[in-house]
Amino acid sequence: MQNFKTTESTKQLVGKLKEGLKIAFIGEVNTGKSSTINAITGEEIAIVSIVTGSTVTNDEYEAPTLSKAIRLIDTPGLRAPGVDAALYRGADFIIYFVNASAGWTASAKTDFFLLKEIYGSHIAIAISKVDTVVPADDWLKIRDQIKRDLGSLSPNIIGICSLPGKEIGIEELKEEISKGLEDSQKAFLFNLILRSKSKDCDSIIRETMFKVASLAASGIPIHEIPKFDEEIIQMIQKIILACQAITNLSQDDLEDSELRAKNFYSEFHQELGWKFDFVKWGSGVLKAAGGLAGTVIVPGFGTATGYGVGISMQVVCYLACAYMIGLRAKKLYSDNSRVPLNELESLAKKMVKGLISEKNVENFIRRFTTEL
Ligand SMILES: Nc1nc2c(ncn2[C@@H]2O[C@H](COP(=O)(O)OP(=O)(O)OP(=O)(O)O)[C@@H](O)[C@H]2O)c(=O)[nH]1
Ligand SMILES: [Mg+2]
C-alpha cells in the first residue's frame with residue numbers, strides 16, 4: 001500500500017510479518033461486515049445485530065480457516081450514530097462493503113475514494129446481502145455500475161450473502177483475501193530488501209558527498225581537482241552500482257558503469273563550472289541541508305534514487321551541492337577568526353585522501369560549529 005513504503009521502519013515491517021497481516025472490513029453501518037467475519041471463520045465471534053451500529057470498536061479476530069498469518073479486523077460502520085468511526089488506517093488489505101439493497105450510492109463512492117487514498121490497490125469490494133435483490137442476479141448490475149464508474153481504478157468486486165446457512169460468494173471472498181495477503185507479503189518483503197539496500201546506497205552516497213564537500217573545503221583549486229579524478233570516478237562508480245542494486249535492473253539494462261561514472265564526472269565538472277556563479281543560491285541549499293552541519297552530514301538520498309529515474313542528474317546535482325556546501329563552509333570558517341582555516345583545510349585534504357575517518361572530521365566540525 002502506498003503509505004507504508006515511506007513511513008514504516010524496518011522493525012515495524014519485520015514485526016508485521018511475524019504478527020500477521022491485517023484484513024479490515026470497512027463500510028457503511030449495517031452492511032454485514034460482522035456477519036461476514038462469522039461466515040469466514042465459521043464461528044459466531046463477531047456481534048451481529050439488526051440494530052445499526054452494533055460494532056463499536058475495531059475488533060480483531062484470528063482466521064484459522066484462512067491462514068495463521070491473518071487477522072480480521074471488524075470495524076464500526078461508517079457514520080454509525082454515536083460512534084466516532086474514522087476510516088480505519090491500520091490494515092494491510094481491506095474489504096470495502098457496499099450493501100446490494102442500497103446500491104452504489106454517492107456516499108459509498110465518497111468513502112471508497114477516501115479509502116483508496118489510504119490503501120491504494122489493496123482493496124476489494126464486497127457487494128453484500130445479494131440475497132435481498134430481486135431478481136437474484138440484479139446485484140451484477142451494481143457490480144457493472146461500479147466498474148463503469150471507477151474504470152481502471154475498480155478493484156475486484158465479489159457478491160456475497162453472509163446469512164448463516166445461505167452463504168454466497170464466501171469462498172470467493174476468502175480467495176480474494178488470500179491473494180491480497182500474498183501481494184501484501186510480497187510488498188513487505190520487497191520493502192525490506194529495498195530498505196536494507198537503500199541503506200548501503202545511502203552510506204556510499206554519503207561518503208562520496210562528504211569527500212566532495214571536503215574537496216571543496218580543502219582549498220584545492222578547481223583546476224587541480226583532476227588529481228583526484230580516479231578516486232572520484234571510483235566513488236561515483238560505487239554509487240551507480242549501489243543504485244543499480246536497488247533498482248532491480250537486468251544486466252542488459254546496465255551500461256558499463258565505469259563509462260557512466262566518467263560521464264557523470266564530466267557532467268559534474270560542467271555543473272560545477274556553471275554553479276560557481278550560484279554560490280549565493282547555494283546557501284539556500286545549505287539551509288535545506290541543515291546549515292553548516294551539511295558539510296559533513298550531507299543528507300543521503302538512497303531511497304529517493306532507488307527507483308532508477310534520473311539517477312545521473314541527481315547524482316551530479318547532489319555532488320555539486322556537496323561541493324557548494326564545502327565552499328560555503330570554508331567561507332564561514334575563513335570569515336570567523338576563531339576558526340583555524342588551515343586546520344580545516346588540512347583536515348579536509350586528509351579526508352579526501354582517505355587518511356582520516358569521517359567521524360573525526362565530524363567531531364572537528366561539531367566542535368567549531370558550536371563555537372560559531
Ligand atoms: N439478508 C441478509 N442480511 C444480512 C446479511 N449479512 C448480514 N445481514 C443482516 O444485517 C444486519 C447487520 O449485520 P451486521 O453483520 O451486524 O452488519 P455490520 O456491517 O457489522 O453492522 P455495524 O457493525 O452496525 O456497522 C443483521 O441483522 C444481519 O443478520 C446478508 O448477507 N443478507
Ligand atoms: Mg458490525
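The shown structure was predicted, so the numbers you read here are calculated from the model rather than taken from an experiment. Read the numbers this way: they start at 1 and go in the same order the structure lists the ligands and their atoms.
- Close N/O approach between Ser54 and ligand 1 is found [any backbone or side-chain N/O within under 3.5 Å].
- In terms of protein heavy atoms, atom 28 (C) of ligand 1 is closest to Val48 CG1, 3.7 Å.
- For atom 13 (O) of ligand 1, the closest heavy atom belonging to the protein is Ser35 OG, 3.5 Å.
- Annotation for ligand 1: atoms under 4.0 Å from non-hydrogen atoms of Gly77 are 25 (O).
- Proximity of Thr36 to ligand 1, defined as any heavy-atom pair under 4.0 Å, is not found for any part of the residue.
- The protein atom (non-hydrogen) at minimum distance from atom 3 (N) of ligand 1 is Leu163 CD2, 3.5 Å.
- Backbone or side-chain N, O or S atoms of Asn30 do not reach the Mg ion (ligand 2) at under 2.8 Å.
- Each of the following atoms of ligand 1 lies closer than 4.0 Å to a heavy atom of Val29: 24 (O), 25 (O).
- For the pair Asp138 (side chain) and Val133 (backbone), a donor-acceptor distance under 3.5 Å is absent.
- Side chain of Thr31 to main chain of Gly27: no donor-acceptor pair is present (N/O by atom type, distance under 3.5 Å, no hydrogens or angles).
- Considering Ser49, Gly32, Cys161 only, the shortest heavy-atom separation from atom 26 (C) of ligand 1 involves Ser49.
- Rounded to the nearest 0.5 angstrom, Leu66 CG and Ile23 CD1 are separated by 8.0 Å.
- Of all protein heavy atoms, the one closest to atom 31 (O) of ligand 1 is Ser162 N, 2.8 Å.
- Of all heavy-atom pairs between Pro76 and Asn58, the closest is CD-OD1, 3.3 Å.
- Of the heavy atoms in Thr132, only side-chain atoms (C-beta onward) come closer than 4.0 Å to ligand 1.
- Taking both residues in full, the closest heavy atoms of Glu28 and Ser107 are given as OE2-OG, 2.8 Å, listed atom of the first, atom of the second, then distance.
- Between Lys166 atom NZ and Asp131 atom CG the span is 7.0 Å, to the nearest 0.5 Å.
- Ring pair Phe25/Phe97 is tilted by interplanar angle, where 30° to 60° counts as tilted.
- Taking every non-hydrogen atom of Thr52 and a distance limit under 4.0 Å, the qualifying atoms of ligand 1 come out as 24 (O).
- Among Lys33, Lys129, Glu28, Lys166, the residue whose heavy atom sits closest to atom 5 (C) of ligand 1 is Lys129.
- Only the side chain of Asp131 comes within 4.0 Å of ligand 1, judged by heavy-atom distances.
- Side chain to side chain, Thr36 and Ser162 meet the donor-acceptor criterion of an N or O pair below 3.5 Å.
- The protein atom (non-hydrogen) at minimum distance from atom 23 (O) of ligand 1 is Thr55 OG1, 2.8 Å.
- Within the 4.0 Å heavy-atom cutoff, Gly53 counts among the residues contacting ligand 1.
- If you look at Ser128 next to ligand 1, there are no close heavy atoms at all, none under 4.0 Å.
- Remark: Ser128 OG to Asn99 CG distance equals 4.5 Å, nearest 0.5 Å.
- With hydrogens left out, the protein atom closest to atom 21 (O) of ligand 1 is Asn30 N, 3.1 Å, a heavy atom.
- Between Phe112 and Tyr96, the ring planes lie tilted relative to each other; the angle falls in the 30° to 60° range.
- The Mg ion (ligand 2) has Ser34 among its coordinating residues (N/O/S atom, backbone or side chain, under 2.8 Å).
- Ranking the protein heavy atoms by distance from atom 27 (O) of ligand 1 puts Ile50 CA, 3.4 Å first.
- Residues Phe113 and Ile142 share a hydrophobic cluster, clusters being chains of Ile/Leu/Val/Met/Phe/Trp/Tyr side chains in contact below 4.5 Å.
- Side-chain contact, Asp74 with Ser34: a donor N or O sits under 3.5 Å from an acceptor N or O.
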